[in-house]
Amino acid sequence: MSTILKANNLTKIFSLGGLLSRTKITAVDHVSFTVESSEIFTLAGESGCGKSTTARMILGFEIPTSGELHYLDQNIQSVKDKKAWFKEVQAVFQNPFESFNPLRKVESYFFETVNNFHLEKNEKRAEQLIEEKLQAVGLTYHEIAGKYPGELSGGQLQRSSIARSLLTNPSLLIADEPVSMVDASLRMSIVNLFREMRDSFGVSVIYITHDLATAYYISDRIAIMFRGNIVETGSVEEVLGNPKHPYTKLLIESIPQPDPHQQPKTLIKFLEEKEEYLRKGCKFSGRCPEVMDICKKITPKDVLIDGVMVKCHLFKTNTGKSEE
Ligand code: SF4
């Protein structure tokens, strides 16, 4: 495996109430991670944790306030040839009905991508390429030809969105909550497609989700985010199977139980988001069951424990030292 994407101290600060406002929110706060070739790396957390802002910075939709993003050896911000960049990095978004204009035929998006990236020389070959990518996601060209988005199901439309993203043979797919608007019965089949993309085409995937069940199912590694920080990251088996950070534990306990009579052990109550973003010390201290005095004063450092990085005062490294 080799590293294809590296985020180094990535930070995004927004002003609340306009540019001249004095209240600033650090939506992404010195976040560092890598994505390896042919791996599914998940950014998980509640709404407002910074995972989608991170994705938007990778895609170039937001400019980082500070920090760096490297794709292979190249700093993403210095990429001049945006078309070449978007050939390598494609996105699949949450709501397939918003990704497609209801008044445009679905196939037109496919031909547009083929033309924009000069992928084929004539319409017949373009159609063959489109058929190939549609078949990779379990559809055929015949099923979408002549159809408007409203004539396809949510599942078919999201598969179409994934197929379109594959046209350029990207090396990295960014999937932002790709199944949250899809019928529950179809979710696993669509999530499985990302595994197939990794295994068949060697594509790396950044999977962004609040759903730990699907994250556990498809991820190789996972980073748990809270109010702009990555609080725990490592292999998905270790992080979700043996959680260390109190927030990761709380998230896992909050997964709805399959038995309708059994209530989740803990229901996460959303406090005032702003208050948590601006909190001194550990941002989770307001609702952490294991909070200590130090947590309210000093921001915890990243600590490496058995291959898992944890940002919490409860831990010291195996050598007894904190990571700088
Ligand atoms: Fe809880 Fe303190 Fe750890 Fe934050 S640093 S998660 S408040 S124990």
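Ligands are counted one by one from 1 in listed order, and the atoms in each one are counted from 1 as well.
Taking all heavy atoms of Glu290, Arg287, Glu232 into account, the minimum distance to atom 8 (S) of ligand 1 is reached by Glu290.
In the vicinity of Leu314, heavy-atom distances shorter than 4.0 Å reach the ligand 1 atoms 8 (S). If you number the atoms of ligand 1 from 1 as listed, the ones under 4.0 Å from a heavy atom of Cys295 come out as 2 (Fe), 5 (S), 7 (S), 8 (S). The ligand atoms of ligand 1 that sit less than 4.0 angstrom from a heavy atom of Cys312 are 3 (Fe), 5 (S), 6 (S), 8 (S).
The aromatic rings of His245 and Phe284 sit tilted, their planes meeting at an angle between 30° and 60°. A tilted orientation is assigned to the rings of Tyr247 and Phe226, their planes being inclined by 30° to 60°.
Heavy atoms of other residues, nucleotides or ligands lying less than 6.0 angstrom from NZ of Lys121 number 12 at most. When the shell of 6.0 Å around CD of Glu290 is examined, it contains more than 12 heavy atoms from other residues, nucleotides or ligands.
For atom 4 (Fe) of ligand 1, the closest non-hydrogen atom on the protein side is Cys282 SG, 2.4 Å. Regarding atom 1 (Fe) of ligand 1, its nearest protein heavy-atom neighbour is Cys288 SG, 2.3 Å. Here the heavy atom of the protein found nearest to atom 5 (S) of ligand 1 is His313 N, 3.3 Å.
When non-hydrogen atoms are compared, ligand 1 lies under 4.0 Å from the side chain of His245 (C-beta onward) but not from its backbone.
For Phe41 and Phe33, the gap between ring centers is short of 6.0 Å.
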**Message:** For a side chain to side chain donor-acceptor pair (under 3.5 Å) check, start with the C-alpha distance between Arg187 and Ser180, then their side-chain angles and the critical distance, and finish with the verdict.
**Reply:** CA-CA 8 Å; Arg187 270 180 209 157; Ser180 60; over 6 Å; no
